[in-house]
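See structure below.
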Amino acid sequence: MTKNMADETKKTYTKQGAADSAARKGTRVMGTVLVTSGTGKTGRRVAERLTALGVPVRAGSRAGEVPFDWQDESGWAAALDGTEAAYVAYYPDLAVPGAAGAMAAFGRVAAASGLRRVVLLSGRGEPQAAVAEEALRGACGEVELTVVRSAFFAQNFSEGALLDSVLGGELVFPAGSTAEPFLDIDDLADVVVAALTRDGHAGAVYELTGPRSLTFEEAAEELGRAAGRPVRYVPVSGPAYAEVLEGFGVSGPEAGFLAELFATLLDGHNSATTDDVKRVLGREAKEFTAFTREAARDGAWHG
């Protein structure tokens with residue numbers, strides 16, 4: 001947790017105020033929550049929201065105050081010691097080789113530590129990610145598990161891998177004319193926090209999407225309008241995209257994996273929307289247009 005994050009939280013919440021707010025919303029203020037990948041796009045947002053509710057957060061990362069490295073199991077027990085729940089965001093993706101083994105190992109450590117609840121971030125429509133989900137489910141015993149399967153993050157255009165493409169005016173991506181229901185990460189974080197802090201989500205599998213599916217060409221047009229600069233979608237093949245990634249310094253094997261993953265995800269089977277955000281939060285998911293306007297207002301594309 002950074003000092004700026006803590007200061008911002010203190011401006012709005014006191015411990016008693018957070019507890020009162022939580023009670024009104026049906027939230028049970030819990031013990032300490034381990035947030036893996038606590039400095040990442042989703043982990044940071046989850047940690048901020050938990051802190052605002054008065055829930056103690058232990059933000060794990062490879063170089064942070066709480067060491068947590070998915071490649072080094074030796075530190076997991078210490079990171080989980082004394083925690084009640086955990087948000088699990090596996091890096092780089094649950095579909096990569098070795099992810100299922102890591103999930104099984106984490107599940108065993110979680111069960112041994114006495115953890116009560118786990119919320120796992122997964123990919124929507126990823127067969128190999130589903131294998132990793134099952135590995136965790138089979139290993140964690142009595143630990144309550146909720147799986148949150150996400151559509152493509154809208155924030156990939158504003159703070160992720162595609163930011164430079166938007167800034168450069170050419171959105172190069174292997175999506176063809178497939179439509180995708182882009183999900184705002186703030187909605188995902190709200191769902192994760194609800195599942196971590198409220199009862200009734202044990203065993204659930206939520207598929208989170210935005211309320212509308214857009215092709216990447218349509219998304220590029222909206223991004224351009226919000227950013228105030230032309231953004232053109234340039235469809236490419238999977239192998240061609242792997243070459244693009246290698247040009248940015250991504251290793252050959254990782255570039256090939258990512259290109260193959262996108263080809264799997266963007267073949268049309270994930271194009272339909274769901275109402276799972278509304279089911280959990282009682283409100284509609286954020287529209288892509290609203291995301292672009294907020295990102296532009298916050299200076300995402302001023303570079």
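Since we're looking at a predicted model, the values are computed, not measured. Counting from 1, the numbers follow the sequence of the chain as shown.
- Counting heavy atoms from C-beta outward, Leu214 and Glu222 have side chains that approach closer than 4.5 Å.
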Could you go through residues 181-189 and list every donor-acceptor pair under 3.5 Å that involves a side-chain atom there, pairing it with any protein atom two or more places apart or in another chain?
residue	atom	partner	partner atom	Å
Asp184	OD1	Gln155	NE2	3.2
Asp184	OD1	Asp186	N	2.8
Asp184	OD2	Gln155	NE2	3.4
Asp186	OD1	Arg45	NE	2.9
Asp186	OD1	Arg49	NH2	3.4
Asp187	OD1	Arg283	NH1	2.9
Asp187	OD1	Arg283	NH2	3.0
Asp187	OD2	Lys286	N	2.6

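- Side chain of Thr215 to backbone of Glu218: a donor-acceptor contact under 3.5 angstrom is found.
- With Arg229 contributing its side chain and Leu167 its backbone, the two residues share a donor-acceptor pair below 3.5 Å.
- Of the possible polar contacts, none joining the Trp70 side chain to the Pro92 backbone as a donor-acceptor pair under 3.5 Å is found.
- With sequence neighbours excluded, the residues satisfying salt bridge (Lys or Arg N to Asp or Glu O under 4.0 Å) with Glu207 are Arg124, Arg149.
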**Request:** Could you check Leu136 against Val118 for side-chain contact (heavy atoms from CB on, under 4.5 Å), going step by step and ending with a plain yes or no?
**Result:** CA-CA 10 Å; Leu136 177 58; Val118 168; 4.2 Å; yes
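- Under the side chain to side chain donor-acceptor pair (under 3.5 Å) criterion, Glu284 pairs with Lys278, not counting sequence neighbours.
- Applying the salt bridge (Lys or Arg N to Asp or Glu O under 4.0 Å) rule to Glu170 yields the partners Arg232; only residues at least two apart in sequence or on another chain are considered.
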Identify every side-chain donor-acceptor pair in residues 246-266 under 3.5 Å, counting partners at least two apart or on other chains, and give the distances.
residue	atom	partner	partner atom	Å
Ser251	OG	Glu254	N	3.4
Thr264	OG1	Glu260	O	3.0

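- Ring geometry for Phe288 against Phe291 counts as tilted: the plane angle lies between 30° and 60°, on a 0 to 90° scale.
- Summarising the geometry of Gly43 relative to Val35, their closest heavy-atom pair is O-CG1, 3.5 Å, with the distance given to 0.1 Å.
- Contacts of Glu144 classified as salt bridge (Lys or Arg N to Asp or Glu O under 4.0 Å), with partners at least two apart in sequence or in another chain: Arg116, Arg117.
- With hydrogens and angles disregarded, no donor-acceptor distance shorter than 3.5 Å links the side chain of Thr146 to the backbone of Ala195.
- Evaluation of the side-chain contact (heavy atoms from CB on, under 4.5 Å) rule for Gln71 yields Asp69, Tyr90 as partners, not counting sequence neighbours.
- Taking the side chain as every heavy atom from C-beta outward, Thr274 and Leu208 never approach each other to under 4.5 Å.
- Inter-residue side-chain proximity for Asp276 and Arg279 is flagged as met; some heavy-atom pair is nearer than 4.5 Å.
- Considering only residues two or more places apart in sequence or on other chains, Pro235 meets the side-chain contact (heavy atoms from CB on, under 4.5 Å) condition with Tyr233.
- Ser158 places no side-chain N or O within donor-acceptor distance of the main-chain N or O of Ala295, the cut-off being under 3.5 Å.
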**Asked** Which is it for Arg137 and Val205 under the side-chain contact (heavy atoms from CB on, under 4.5 Å) test, yes or no, and what are the steps along the way?
**Response** CA-CA 12 Å; Arg137 185 175 288 108; Val205 177; 3.9 Å; yes
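- Ala59 and Gly38 get closest at one heavy-atom pair: CB-CA, 4.2 Å.
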**Request:** Please step through side-chain contact (heavy atoms from CB on, under 4.5 Å) for the pair Glu126 and Asp93, ending with a clear verdict.
**Result:** CA-CA 10 Å; Glu126 293 185 42; Asp93 191 273; 2.8 Å; yes
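- In this structure, the side chains of Val55 and Thr197 come closer than 4.5 Å at one or more pairs of heavy atoms.
- Using a 4.5 Å heavy-atom threshold, the side chains of Leu120 and Leu145 count as touching.
- For Ala105, the side-chain contact (heavy atoms from CB on, under 4.5 Å) partners are Glu73, Trp76, Arg108, not counting sequence neighbours.
- With respect to Val147, the side-chain contact (heavy atoms from CB on, under 4.5 Å) criterion is satisfied by exactly one of Glu133, His201, Glu134: Glu133.
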**Message:** Under the criterion side-chain contact (heavy atoms from CB on, under 4.5 Å), I'd like the reasoning laid out for Val119 against Val46: C-alpha separation, chi angles, the key distance, then a yes or no.
**Reply:** CA-CA 11 Å; Val119 178; Val46 169; over 6 Å; no
**Request:** Go through Glu159 and Arg44 one step at a time and tell me if the salt bridge (Lys or Arg N to Asp or Glu O under 4.0 Å) criterion holds.
**Result:** CA-CA 13 Å; Glu159 57 186 81; Arg44 171 173 56 84; 3.2 Å; yes
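- Ring to ring, Phe173 and Phe152 are close: their centroids are under 6.0 angstrom apart.
- One hydrophobic cluster, built from ILVMFWY side chains closer than 4.5 Å, holds both Leu281 and Leu50.
- For Thr39, the side-chain contact (heavy atoms from CB on, under 4.5 Å) partners at least two apart in sequence or on another chain are Ser61.
- In terms of the side chain to side chain donor-acceptor pair (under 3.5 Å) criterion, Arg62 has no residue partners (sequence neighbours excluded).
- Contact check for Thr32 versus Glu84: no side-chain heavy atoms found under the 4.5 Å cut-off.
- Without hydrogens or angle criteria, Asp72 side chain to Ser74 main chain gives a donor-acceptor distance under 3.5 Å.
- With sequence neighbours left out, the salt bridge (Lys or Arg N to Asp or Glu O under 4.0 Å) criterion links Glu221 to no other residue.
- Between Leu80 and Leu115 there is a side-chain heavy-atom pair separated by less than 4.5 Å.
- Counting heavy atoms from C-beta on, the side chains of Phe106 and Val88 come closer than 4.5 Å.
- Checked by atom type, the side-chain pair Thr42/Tyr87 shows a donor-acceptor distance below 3.5 Å.
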